[in-house]
Amino acid sequence: MRYGPKVKASTHSLWMQGREKLENCLMIWDASRCRRIRTMEGHRLRVGALAWSSSLLSSGSRDKSILQRDIRVQDDFASKLSGHKSEVCGLKWSYDNRELASGGNDNKLFVWNQHSTQPVLKYCDHTAAVKAIAWSPHLHGLLASGGGTADRCIRFWNTTTNAHLSCMDTGSQVCNLVWSKNVNELVSTHGYSQNQIIVWRYPTMSKLATLTGHTYRVLYLAISPDGQTIVTGAGDETLRFWNVFPSPKSQVNDTCGVQANTDSEIGASSLGRTTIR
């Protein structure tokens, strides 16, 4: 079986099919055929976070554990990671698949390597749950994390030197983070109190655009394969598509001097980032 974009995972707290009762499980689907391939168990409570690393799928649960699952083998999971004292609500593998970052309702951010069953790095600066996590595709070991309503901050870490780099108070609950692979910018989505989406330039953390339209907290965020478009989902039961990042080709043109943007031009072009498709 070929694992890639056509293979998806979903989580279920309680699901019934005929006489089959599936509780706190994880399902692997063939997205092109809309067919369930297998069901994987192991967690005692709801599964709220997933992260892929090639054929390895990590799942985080309200039971405080992270399970490492190799979907090529028959066993439901290969190893169990323990460290969080509350629900695991955020998971993200680094781009080189060597480090896994996890966030919890215990306000902790942990980093694990490929072989550890205990965290190799522990960050305790957030004062609310850590759901938003993103690794930079531009600099090895650069990790961003966002805190909940009582925290509201995006923090940056260097996991290579184990250093806390900077902190930005966003004024709202941070629900998601994603880094652009085309430019050194990132997007954050927010909940209480403003329910907005912000595009930031790193490392200055200057705001390039503030996108509004959702009326409840923006719980979900995904980026397109070409790195130009994001889709957001919120408690208002809507999905919104936004053109926020330039194409890789335009960046090549910039470096060749074909199209050079000044700060004022970039600020003006940020108005186009509010376009919903």
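The figures that follow rest on heavy atoms only: side chains count, while hydrogens, waters and symmetry mates do not.
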*Would you say Leu56 and Val120 are hydrophobically clustered, going by side-chain heavy atoms of ILVMFWY under 4.5 Å?*
no

When you compare the side chain of [Y] with that of [X], does any pair of heavy atoms fall below 4.5 Å?
X: Leu121; Y: Trp157; answer: no
X: Ile71; Y: Trp52; answer: yes
X: Asn195; Y: Thr215; answer: no
X: Trp112; Y: Ile66; answer: yes

May I ask you to check whether over 12 heavy atoms, not counting those of [X], lie within 6.0 Å of atom [atom1]?
X: Arg217; atom1: CZ; answer: no
X: Arg69; atom1: CZ; answer: yes
X: Tyr95; atom1: OH; answer: yes
X: Gln118; atom1: CD; answer: yes

_Chi angles and distances behind the ring-ring contact (aromatic ring centres under 6.0 Å, His included) call for His164, Tyr123_ = CA-CA 9 Å; His164 180 216; Tyr123 300 120; 8.0 Å; no

Checking the side chain of [X] only, and the main-chain atoms of [Y] only, is there a donor and an acceptor separated by less than 3.5 Å?
X: Arg72; Y: Ser55; result: no
X: Gln196; Y: His190; result: no
X: Thr189; Y: Val218; result: yes

_Interatomic distance, Ile197 atom CD1 to Thr232 atom OG1 [nearest 0.5 angstrom]_ = 3.5 Å

*Could you tell me the separation between the OG1 atom of Thr127 and the CZ atom of Arg152, rounded to the nearest 0.5 Å?*
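Result: 8.5 Å between the selected atoms.
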
*Would you call Asp106 and Lys108 a salt bridge, taking side-chain N to carboxylate O under 4.0 Å as the test?*
no

*Please say which of Ser94, Ser116, Ser53 ends up in a side chain to side chain contact (heavy atoms under 4.5 Å, CB included) with Glu99.*
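Running side chain to side chain contact (heavy atoms under 4.5 Å, CB included) over Ser94, Ser116, Ser53 with Glu99 returns exactly one hit, Ser94.
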
_Gln228 to Ser224 - nearest heavy-atom pair and separation_ = N-OG, 3.5 Å

*asked:* Using every non-hydrogen atom in the two residues, find where Lys80 and Ser65 come nearest and quote the distance to one decimal.
replied: CE-CB, 3.6 Å

